[in-house]
Every structure is written in C-alpha cells, then in structure tokens.
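Here the structure comes first, spelled out in structure tokens, and everything after it is commentary.
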Amino acid sequence: MITNPTPNSQTNPIPPPTKIPLDFYRRSDPVLIARDLLGKHLYTNIDGVLTGGRIVETEAYAHINDQACHSHLGRYTARTKIMYEAGGVAYVYLVYGRYALFNIITNEVGKADAVLIRGLEPLEGIPEMLLRRGTLKYQRNLTGGPGLLTQALGISTQHYGTDLSGDTIWLEDHHEVIADDQVVASPRVGIDYAGFDAALPWRFRIKASKWTSPAR
DNA sequence: ATGTTGATGAGCT
DNA sequence: GCTCATCAACATT
C-alpha cells in the first residue's frame, strides 16, 4: 500500500529561508565571511518596494595588514566611523563621486572589517530594478557590479549605518551550499594603490554565474 | 583606451 | 578654513 508523503517524510526537505543573524557578521575573519556570503540573498525594502537577489561576488577588507581597507592603521573619520561598530551594519560610501558601494561591517566593536558586495543575481522586484537602472534589458549590467546593484536595490549613502537585522536592508540564508569547486578566489578589483596587499586573493565569485561584475 | 564625476582626506594656512 | 591629488566604477569608443 502506498501512502501520500507528508512534508515531514520527504527526503532532504529544504527549510524556509531565515534572516541571517548578527552572530554571522560578528565573526573575526572577513575573508571567511566573504566566502560564506556567496549564495546568500540580499534584500531591500526601500520606497515600499521589495527587491533582492542572490550574492555571486564579494570582497573582504581587513582592518589590520590590509592597506586597501578604509580603516587601515586605525583611520577614523566621519566616513569610516561606522566601520568600528559591531558587525551587522551597512557601510555605504560614494566612489568616484558617482556610485554608492554597499559593504557589510563585520567583526566585533573596534575591529573595523568589511565585506563589499560586488555582484548579485536579480530575483525579486526585477521590474523595479529595471526602472531604477533605467534599462529594459535583463542582462549582466542590471546588477553585475558594486555600483550597479546598489542602484537597482535603491541603496544610497543615506543607508549609511543601516542595521542589517532590521527590515530595510537584510540578508537571508536560503540554504544553498556553494562548494569550493564552484568558487573562484582572485585579487580584488581597483586597489593597485595597496601595494603588496593588492595581490591577496580576497575576491570571491561563483564560477558559473553570469551575474558577476565585468572582468578586468 | 579614454572621459565622466564629485566626495574624500591629507596637508597646508 | 582651502586646495589638490586620489579614487574598492561605469559608459562609451
């Protein structure tokens, strides 16, 4: 006799998505966190619209032994102030006077590490993202690039300091496992000024994704 | 390969 | 206070 399976009897049931807890961000190694963020989902609820997608590219920045990091050598200014908070807040800043870049502050109070989100696979609120980007084409440059994904998600410098445990910007774990052989680690982009540290392989990409930022 | 763009911070006064 | 070199991109060619 065959009985219908109940949800509890299915093999490998996928649990519902969960919001990533602050503990995740407060760990001490930004390189590990950057790697772990691949396959997680990033959402915003801004101007009453839900948008989001799957993280496919990140970069780690460490407060010690990393000249590329804005908080290197304890640099403490109006811009970097938020980096010294406990992990789990947004560090958003303008680069080249044009583009907002979204970083997640990690580690504990006073240890100013960060992870830059560089690439997103759009999943939620795509019409709004197209509108915000001023395009009609569902293609890589919709969210492939750190200055583009913020535009698509509606993230601007006014989200500097936003608490990622709130309901404006947050991340979710959808229980996707990204194996090491699906990941490319390579030097970070655009930090040639950082000397020896420019060679550190702290940029992480999902190999198969077409939504990573353009190659250099 | 080159132009656009303006915030940032270091170094000065 | 002010100037100026720098810059974790992107669009266009």
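Below, all heavy atoms of this structure are taken into account, side chains as well, without hydrogens, waters or symmetry copies.
- Base pairing annotation: B:dT5 forms no Watson-Crick or G-U wobble pair, as no partner gives both donor-acceptor distances under 3.5 Å.
- Between the P atom of B:dA10 and the OH atom of A:Tyr76 lies a distance of 15 Å, rounded to the nearest Å.
- Taking only side-chain nitrogens and oxygens, A:Arg133 comes nearer than 4.0 Å to OP1 or OP2 of C:dA11.
- B:dA7 atom P lies 15 Å from atom CD of A:Gln158, rounded to whole Å.
- Under the 30°/60° scheme for interplanar angles, the aromatic rings of A:Tyr43 and A:Trp170 are found to lie parallel.
- Remark: B:dA10 base-pairs with C:dT3. Criterion, Watson-Crick or G-U wobble with two distances under 3.5 Å.
- By the 4.5 Å heavy-atom criterion applied to side chains, A:Ile117 and A:Ile104 are counted as neighbours.
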Below 3.5 Å between N/O atoms, which protein atoms pair up with nucleotides 5-8 of chain C? Just atom names and distances, please.
unit_1, atom_1, unit_2, atom_2, d
C:dA8, OP2, A:Tyr193, OH, 2.8
C:dA8, N9, A:Tyr93, OH, 3.3
C:dA8, N7, A:Ala68, O, 3.4
C:dA8, N7, A:His70, NE2, 3.1
C:dA8, N1, A:Asn103, OD1, 2.7
C:dA8, N3, A:Tyr93, OH, 3.3

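- Summarising the geometry, the separation between CG on A:Asn141 and P on C:dT12 is reported as 9 Å, rounded to the nearest angstrom.
- In this structure, the side chains of A:Ile46 and A:Thr168 come closer than 4.5 Å at one or more pairs of heavy atoms.
- Under the 4.5 Å side-chain criterion, counting only non-hydrogen atoms from C-beta, A:Lys210 is not in contact with A:Arg140.
- At a threshold of 4.5 Å between non-hydrogen side-chain atoms, the residues A:Arg35 and A:Asp180 count as touching.
- Within a 6.0 Å radius of CZ in A:Phe196, no more than 12 heavy atoms belonging to other residues, nucleotides or ligands are found.
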